[in-house]
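Quick notes on the structure that follows.
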Amino acid sequence: MKIGIDKMSFFTSDLYLPMEDLAKARNEDPNKYLIGIGQSKQAVIRNSQDSVTLAANAALKIVDDNEKEKIDLILFGTESGVDNSKSGAIYLQSLLGINSSASGVELKQACFGLTAGIQMAMGHIALHPESRVLLVGSDIARYGIGTLGEKTQGGGAVAIIMSANPHLLEIGTQSAHLTKDIMDFWRPLNRSEALVDGKYSSAEFINFFKETFENYLEKTGEEIDKFTALIFHLPYTKMGLKALRSVIEDLDNDDLKESLLEHFEESRYLNREVGNLYTGSLYLSLLSLLHARNLKAGDQIGLFSYGSGAEGEFYSAKVVEGYEKYVTDEEIAFLDQRTSVSVAEYEQIYRSFMRPQTADYRTEFENDPAPFVLKGQQQQQRIYEKVN
Ligand code: COA
């Protein structure tokens with residue numbers, strides 16, 4: 001049975017910060033951010049959005065009335081969840097009106113959560129071929145004003161429907177994992193900003209990629225030339241370029257090198273415009289690659305997922321005949337209609353998230369054009385509503 005990705009969608013804030021402006025404000029050369037980090041814009045998430053509303057806004061685009069009845073499993077990948085107990089999947093089920101027979105859980109392992117969901121969905125659909133699984137990767141990436149990680153912030157959500165006989169990608173059954181207890185990035189329970197050893201994390205990312213990629217090739221007996229594209233979790237887009245270079249630098253086949261680099265450029269386009277999505281990042285890169293429409297049926301894509309702490313996985317997927325019809329330009333057109341904010345405005349919005357956890361509050365949701373918003377908190381309960 002063919003199992004894989006049937007539909008995908010993406011949502012982020014209507015506000016962004018130009019990286020050039022951030023570089024100037026931090027007394028850095030803009031090319032360090034634009035080329036050295038590989039980011040052009042950074043999504044600025046309003047205080048009326050959180051991982052639940054971002055996920056609901058992304059999923060709304062692909063969960064129609066038919067899906068609401070058919071979805072039987074909701075897997076919510078996040079590392080910026082809103083509750084230590086209740087899963088974001090329950091809020092999502094309620095906000096979208098998905099049938100109450102569907103089950104749902106939240107999955108956490110840093111940026112790896114959505115990939116864990118993909119593998120669970122593979123097994124679930126193999127047992128229940130009629131199943132349609134809704135998966136989301138939804139996060140707000142916060143490092144702190146003036147920190148080294150600030151230029152790699154961002155946020156947003158990717159939503160995916162997986163099923164048998166998918167329209168976009170057929171996912172392979174082989175994959176290679178690597179798990180090691182390391183402290184490259186973590187976020188203690190009292191913090192909304194991550195703690196990170198950025199250089200160490202970037203080095204481990206490459207080590208994890210090389211090891212899982214080699215293990216995958218060994219397991220399958222395949223060579224690198226089997227792949228039309230290699231794509232990556234992109235905490236910043238230069239990270240993926242460095243990982244790709246680490247396996248193509250010694251290749252004799254110049255055409256293959258050039259083609260992998262060309263497809264990598266296509267795969268980082270959307271990530272460049274938004275910044276880090278944590279769990280959704282690899283899948284935004286996948287969406288970006290599909291939107292370039294430069295692939296043909298049967299092309300094999302290699303995907304590397306990395307979640308600090310750390311777990312890495314390399315797996316592959318094959319492009320399905322006619323996939324182009326299921327990736328529309330309208331889906332990402334909203335990115336060109338976003339509003340640019342100044343560094344001072346970004347800092348004000350950033351600080352507005354620092355509200356006492358136990359107090360009642362109200363967000364500035366009236367200014368937010370998103371369909372689902374967080375209106376505030378009363379008696380330590382978050383108030384969500386579909387307002388647009
Ligand atoms: N023009 C072009 N490139 C320039 C430049 C310029 N004027 N000035 C510097 N650069 C390049 C550097 O050479 C470097 O390239 P390289 O990585 O290929 O060597 C790159 O820009 C970044 O410079 P660096 O000095 O390493 O940046 P930094 O120390 O300020 O911060 C991180 C980089 C990644 C450590 C930091 O953003 C971070 O901690 N991010 C969060 C953690 C993260 O993303 N982890 C990844 C794994 S999940």
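What you see is a predicted model; the values in this text were computed from it and never measured. Throughout, numbering of the chain's residues begins at 1 and tracks the sequence. In each ligand, atom 1 is the first atom listed, and ligand 1 is the first ligand listed.
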So, applying ring pair (Phe, Tyr, Trp, His ring centres under 6.0 Å) with Phe304, which one of Phe205, Tyr216, Phe227 is it?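 When ring pair (Phe, Tyr, Trp, His ring centres under 6.0 Å) is applied between Phe304 and each of Phe205, Tyr216, Phe227, only Phe205 qualifies.
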Return each pair, listed once, that meets salt bridge (Lys or Arg N to Asp or Glu O under 4.0 Å) where at least one residue sits in residues 241-265; pairs must be two or more places apart or across chains.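 Residue pairs passing salt bridge (Lys or Arg N to Asp or Glu O under 4.0 Å), neighbours aside: Glu265-Arg268.
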Can you list every salt bridge (Lys or Arg N to Asp or Glu O under 4.0 Å) pair that touches residues 175-193, not counting sequence neighbours?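 As it turns out, the salt bridge (Lys or Arg N to Asp or Glu O under 4.0 Å) pairs with a partner in residues 175-193, which skip direct neighbours, are Arg142-Glu193, Arg191-Glu193.
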With a 3.5 Å cut-off and no angle check, do the side chains of Gln153 and Tyr346 form a donor-acceptor pair?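 Yes - a donor-acceptor pair under 3.5 Å links their side chains.
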Name the residues in contact with ligand 1, where contact means a heavy atom under 4.0 Å away: which are they?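 Contacts of ligand 1 under 4.0 Å: Asp29, Asn31, Lys32, Gly36, Ile37, Tyr143, Leu148, Gly149, Lys151, Thr152, Val196, Gly198, Lys199, Ser201, Ser202, Pro235, Tyr236, Lys238, Lys242, Ser308.
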List, by chain and number, the other hydrophobic cluster members for Val387, where Ile, Leu, Val, Met, Phe, Trp and Tyr join if side-chain heavy atoms come within less than 4.5 Å, directly or indirectly.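 Val387 shares its hydrophobic cluster with Phe365, Val373.
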Distance-minimising heavy-atom pair for Ser285 and Ile231: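 What the structure gives for the nearest pair is OG-CB, 3.9 Å.
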